[in-house]
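Since the structure comes first, as structure tokens, the remarks are kept for the end.
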Amino acid sequence: MKTVFPSKGEITRSWFILDASTAPLGRLASEAARILMGKNKPIFTPFLDTGDHVIIINAEKAVLTGRKEDQKVYRHHSGYPGGLREDKVAKVRQVRPVRMVEEAIQGMLPKTKLGKQMYRKLKVYAGDKHPHDAQQPTTLVAQAAR
Amino acid sequence: MPRVRRSTNRRDSRKKTLQLASGYFLTKSKLYRSAQEAVEKALRYGYVGRKRKKRDFRRLFIVRINAGCRLNATTYSRFIGGLKKAGIELNRKILADLAANEPAAFTSLVEKAKAATAAA
């Protein structure tokens, strides 16, 4: 018996919705990353993108535990000398709330071309509305594994 | 010591090496010296790869079994523990195949594992 690998055309993708306001950011992100990578399917194949699409709503209400609301810093570098930018959570949440969720999930995906492809299946929205009704997404409840 | 002439032996052995290197990139398939180095390396990688293959596949089986388990509201760890208690000795290759191609059979195995865990 040979272990079967699905060919690209055989992969069917469904859509899932996760609500960022219902679980701490990291737990939400790991659930989303698992689905994007396809590890929720028994046909998971390491060299193909077998994952499903994920829609995250309510990104502006992302939950942080402990004192991260005051302490967590989002850093990026402009590339120029002295160009390190640091933003507090309060500012990121106000200016671009989807960034918090996107960054958390992308950090959990593979840092490869395939990882980038998986990341493109993620759609994050600040509010509770999304334009993907046509894809008939299933609403999932984020939970700790088990 | 008498002088040794390599006669056809040298040509034969070089031919063999170049044969093994056919299809390699640029000089690696054309020039004997580069080909020799490439072939030595390739054989060594091949040896390692044959061992790795077994580990890599086992890892893949485990990921797939875990996905199947979570569809049946359990985890890989609990499932394997339950199978052991139930005395079912299917290997991970078969379990992974069942999870992907025979979901019903896999579900009944999960039920057996759960029952065995509850009984123990």
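Values reported hereafter were calculated over all heavy atoms of this structure, with side chains retained and with hydrogens, waters and symmetry mates removed. What you see is a predicted model; the values in this text were computed from it and never measured. In what follows, every chain begins at residue 1, and chains take the letters A, B, ... in the order their sequences are listed.
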CD/A/Gln94: more than 12 non-hydrogen atoms of other groups inside 6.0 Å
no
Take atom CZ in A/Arg13; do more than 12 heavy atoms of anything else shown fall under 6.0 Å from it?
yes
Under 4.5 Å between side-chain heavy atoms, hopping through other hydrophobics if needed: is there a path connecting B/Ile62 to B/Ile88?
yes
Please give me the minimum heavy-atom distance between A/Arg34 and B/Arg70, naming the atom from each residue.
NH1-CD, 3.5 Å
Just wondering, are more than 12 heavy atoms of other shown residues or ligands nearer than 6.0 Å to CD in A/Gln71?
yes
Is it the case that one hydrophobic cluster holds both B/Leu71 and B/Leu83, taking links as side-chain heavy atoms less than 4.5 Å apart, direct or via other members?
no
Taking heavy atoms only and a threshold strictly under 4.5 Å, list by residue number the residues of residues 97-109 of chain B that touch chain A; give 'none' if the list is empty.
B/Asp97, B/Ala99, B/Ala100, B/Asn101
Above 12 or not: heavy atoms from other molecules or residues under 6.0 Å from CD of B/Gln19?
no
So which residues of residues 110-128 of chain A are in contact with chain B at a heavy-atom cut-off of under 4.5 Å?
none
Would you indicate whether B/Arg11, at its atom CZ, is surrounded by more than 12 heavy atoms from other residues, nucleotides or ligands within a distance under 6.0 Å?
no
Could you tell me which residues in residues 39-48 of chain A have at least one non-hydrogen atom under 4.5 Å from a non-hydrogen atom of chain B, sorted by residue number?
A/Lys39, A/Asn40, A/Lys41, A/Pro42, A/Ile43, A/Phe44, A/Thr45, A/Pro46
For residues B/Leu18 and B/Phe25: do they belong to one hydrophobic cluster (side chain heavy atoms under 4.5 Å, members Ile, Leu, Val, Met, Phe, Trp, Tyr)?
no
Ordered numerically, the heavy-atom neighbours of chain B under 4.5 Å found in residues 3-11 of chain A are A/Thr3, A/Val4, A/Phe5, A/Pro6
Answer yes or no: are there more than 12 heavy-atom neighbours, outside B/Glu89 itself, under 6.0 Å from its atom CD?
no
What do you reckon, is CE of B/Met1 surrounded by more than 12 foreign heavy atoms closer than 6.0 Å?
no
May I ask whether A/Val63 and A/Val92 are part of the same hydrophobic cluster, defined by side-chain heavy atoms of I, L, V, M, F, W, Y residues being less than 4.5 angstrom apart, directly or through others?
no
